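This report concerns only the one structure given below.
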Protein chains: 2
Amino acid sequence: MTRTVIDKGEHLFRSGDAGDSLYVVRSGAIKTYVDSAEGEEQIRSFALANDVAGLDAVCGGVHRTGAKAISRTWICRLPLNAVRTRMAESVRFRDRLLIALDREFSRLHRLLDRERYTADRRVASFLLSRIEADATHSAAIELPMSRTDLARHLDLATETVSRVFTRLQGREILRSRGTRCEILNTEALRTVA
Amino acid sequence: MTRTVIDKGEHLFRSGDAGDSLYVVRSGAIKTYVDSAEGEEQIRSFALANDVAGLDAVCGGVHRTGAKAISRTWICRLPLNAVRTRMAESVRFRDRLLIALDREFSRLHRLLDRERYTADRRVASFLLSRIEADATHSAAIELPMSRTDLARHLDLATETVSRVFTRLQGREILRSRGTRCEILNTEALRTVA
DNA sequence: CGCCACCTTGATCCCCTTCAATTTCAGTGG
DNA sequence: CCACTGAAATTGAAGGGGATCAAGGTGGCG
């Protein structure tokens with residue numbers, strides 16, 4: 001287990017790379033993405049503090065997404081060969097990896113759920129997932145990604161995301177300033193999603 | 001390993017069921033789906049002959065999709081507990097399961113790729129995936145699902161799917177009749193996708 | 001032959017994208 | 001501390017692709 005730092009914009013791994021490790025974000029944030037045919041990034045996940053990245057390569061050994069830092073990020077690296085051998089030896093360790101893989105499947109299915117959602121609903125369900133992911137379940141969440149990145153994660157135009165935020169602020173559901181986003185009315189947000 | 005038959009519309013398993021088995025389709029076809037908030041099925045996969053179903057429960061033990069037969073279908077059932085114990089014992093067996101899981105991840109990521117696609121492109125990429133899945137790579141593919149099911153898989157309205165097929169037939173790219181679909185010009189189809 | 005489900009076709013509408021113009025903000029240097 | 005600068009975010013106007021609504025058409029099967 002080793003620790004590293006990567007600067008904003010730098011890659012943790014690229015699509016197609018051999019995936020020989022799992023990564024845990026200690027602080028900062030990274031995004032995983034694929035390049036669409038049109039050359040723009042389609043973002044598949046954000047990994048904030050305590051999130052795991054690199055699970056997409058556990059089964060096949062090859063990353064199918066790239067991962068780069070959104071801001072300066074501290075990372076713990078767990079070599080996969082150690083993970084694999086310990087999986088064969090220890091049932092408890094195997095189960096833990098299975099749980100992580102199950103979460104990854106859930107995450108992808110949740111992304112697919114969003115496909116028929118309206119723009120408002122997409123943003124709302126994203127914000128709710130961020131609240132739930134936050135251990136404190138506090139009403140304020142950190143959104144370190146740019147509006148553009150958020151848009152490319154939700155499959156919307158940047159302008160649309162911006163308009164949805166404006167609309168939600170007008171309805172007093174949230175207050176957004178920079179990377180900080182206060183949820184003023186979680187119930188109302190839930191009715192949107 | 002046991003064999004069963006299920007009739008059109010019958011469930012192989014339901015969302016939330018304990019997932020204690022993997023299933024291989026011998027003949028016929030099944031669809032896996034989730035119920036959207038609006039109550040209509042969103043179809044996550046079609047399993048035709050030789051396809052595997054039930055992988056979504058391997059890691060967590062619970063199905064996150066339902067599965068029902070599109071037509072009368074013959075199924076092979078492989079109990080998962082046998083799979084799991086053999087996974088701990090045999091490295092070769094473990095690797096085989098990892099490969100299956102990797103394919104499942106790839107499949108979900110391919111579904112996510114389609115999110116920004118136009119209607120034409122969605123249909124085209126679906127047809128191409130069916131051609132590639134076909135062992136013979138023949139120019140004729142079997143589409144046992146209804147237009148409605150196809151639409152709910154591609155996240156389009158039934159009418160839109162119908163219109164795309166009409167358009168592609170007008171351009172002499174394919175000829176569709178009932179469940180049979182002949183691809184007349186694979187290259188042209190590839191430029192659409 | 002006739003019923004019913006499924007598919008196709010047409011007309012209209014709406015949400016989101018696109019294009020274009022400001023405005024805001026973070027970072028930099030005077 | 002404030003002016004400068006480029007990137008990012010916001011706001012506005014217009015256009016388009018697919019959804020929806022509404023009829024017909026087609027085919028399988030009793």
Side-chain angles (χ1 to χ4, degrees), chain A residues 7-9 29 31 36-43 70-72 114-127 142-171 174-181 192-193, chain B residues 7-9 29 31 36-43 70-72 114-127 142-171 174-181 192-193:
Chain A
D7 277 324
K8 178 175 176 170
K31 57 181 173 184
S36 74
E38 288 71 30
E40 71 174 9
E41 293 176 353
Q42 194 188 15
I43 291 167
I70 288 172
S71 56
R72 176 167 259 249
R114 294 213 255 263
E115 201 143 22
R116 304 293 295 258
Y117 286 12
T118 61
D120 287 11
R121 219 174 148 188
R122 281 175 196 235
V123 173
S125 70
F126 175 80
L127 292 174
E142 207 57 46
L143 299 178
M145 67 292 288
S146 66
R147 284 281 186 276
T148 305
D149 278 349
L150 187 47
R152 285 172 181 176
H153 178 55
L154 299 175
D155 283 305
L156 295 170
T158 310
E159 295 93 325
T160 304
V161 174
S162 189
R163 275 184 256 266
V164 172
F165 269 86
T166 309
R167 218 174 294 154
L168 292 175
Q169 284 187 104
R171 294 171 59 187
L174 58 83
R175 188 158 25 188
S176 164
R177 226 191 96 82
T179 66
R180 196 108 194 120
C181 180
V192 174
Chain B
D7 276 326
K8 178 174 178 172
K31 57 182 174 184
S36 74
E38 287 72 31
E40 70 174 8
E41 293 175 354
Q42 193 187 17
I43 291 167
I70 288 173
S71 57
R72 175 166 257 250
R114 294 212 255 262
E115 202 143 21
R116 303 295 293 262
Y117 286 11
T118 61
D120 286 12
R121 221 176 145 188
R122 282 175 194 235
V123 173
S125 70
F126 175 80
L127 292 174
E142 208 55 46
L143 298 179
M145 67 291 288
S146 67
R147 284 279 186 277
T148 305
D149 278 349
L150 187 47
R152 284 172 181 174
H153 180 55
L154 299 175
D155 284 304
L156 294 170
T158 310
E159 296 93 324
T160 304
V161 173
S162 188
R163 275 184 256 267
V164 173
F165 270 86
T166 309
R167 218 174 294 153
L168 291 176
Q169 285 187 105
R171 293 170 61 188
L174 59 81
R175 188 160 24 188
S176 164
R177 224 190 98 82
T179 66
R180 196 108 193 118
C181 179
V192 174

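Fair warning: this is a prediction, and the values are worked out from it, not measured in the lab. In the text below, chain A, chain B and the rest are named by the order of the sequence lines, each starting its count at 1.
By the salt bridge (Lys or Arg N to Asp or Glu O under 4.0 Å) test, B/E159 is found to be paired with no residue, residues two or more places apart in sequence or in another chain being considered. With sequence neighbours excluded, the residues that form a salt bridge (Lys or Arg N to Asp or Glu O under 4.0 Å) with A/R180 are A/E142.
Taking the screw axis at each terminus of the helix from C/dC1-D/dG30 to C/dG30-D/dC1 from five consecutive base pairs, the angle between the two is 40° to within rounding of 10 degrees.
Electrostatic pairing of A/R116 and B/E38 does not count as a salt bridge here, judged by no charged N lying under 4.0 Å from a carboxylate O.
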N/O contacts under 3.5 Å, protein versus nucleotides 14-17 of chain C?
from   : atom 1 : to     : atom 2 : distance (Å)
C/dC16 : OP1    : A/A119 : N      : 2.5
C/dT17 : OP1    : A/A157 : N      : 3.3
C/dT17 : OP2    : A/A157 : N      : 3.1
C/dT17 : OP2    : A/T160 : OG1    : 2.4

Taking only N/O atoms, report every protein-nucleotides 22-26 of chain C pair under 3.5 Å with atom names and distance.
none

Next on the checklist: Checking A/Q169 against A/L174 for the side chain to side chain contact (heavy atoms under 4.5 Å, CB included) test, could you report, in this order, the C-alpha distance in whole Å, the side-chain angles of both residues, the deciding distance, and whether it holds?
Outcome noted: CA-CA 5 Å; A/Q169 284 187 104; A/L174 58 83; 3.5 Å; yes
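Although no hydrogens or angles enter the test, the distance criterion places a donor-acceptor pair under 3.5 Å between the side chain of A/R122 and the main chain of A/E115. Between the A/S125 side chain and the A/R121 main chain, a donor and an acceptor come within less than 3.5 Å of each other.
Of the inter-residue distances, the one linking A/R152 atom CZ with A/Q42 atom CD reads 10.5 Å to the nearest 0.5 angstrom. With rounding to the nearest 0.5 Å, the separation of CG in B/D120 from CZ in B/R163 is 12.0 Å. Within the model, atoms CZ of A/R147 and OG1 of A/T160 stand 12.5 Å from one another, a figure rounded to the nearest 0.5 Å. Atom-to-atom distance recorded for A/S162:OG and A/L150:CG is 10.5 Å, nearest 0.5 angstrom.
Contact annotation: B/T166 side-chain N/O to C/dT9 OP1/OP2 distance is under 4.0 Å.
Taking the side chain as every heavy atom from C-beta outward, A/E41 and A/K31 approach each other to under 4.5 Å.
Across every non-hydrogen atom of B/L154 and B/R114, the tightest pair is CD2-NE, 4.1 Å.
Between B/R122 atom CZ and D/dA19 atom C1' there is a gap of 13 Å when expressed in whole angstrom units. Distance B/E115 CD to D/dG17 C1': 16 Å, rounded to the nearest Å.
Heavy-atom distances under 4.0 Å link DNA chain D to A/S146, A/R147, A/T148 of residues 142-153 of chain A, given in residue order.
The neighbour count for B/R167 CZ, taken as heavy atoms of other residues, nucleotides or ligands under 6.0 Å away, is above 12.
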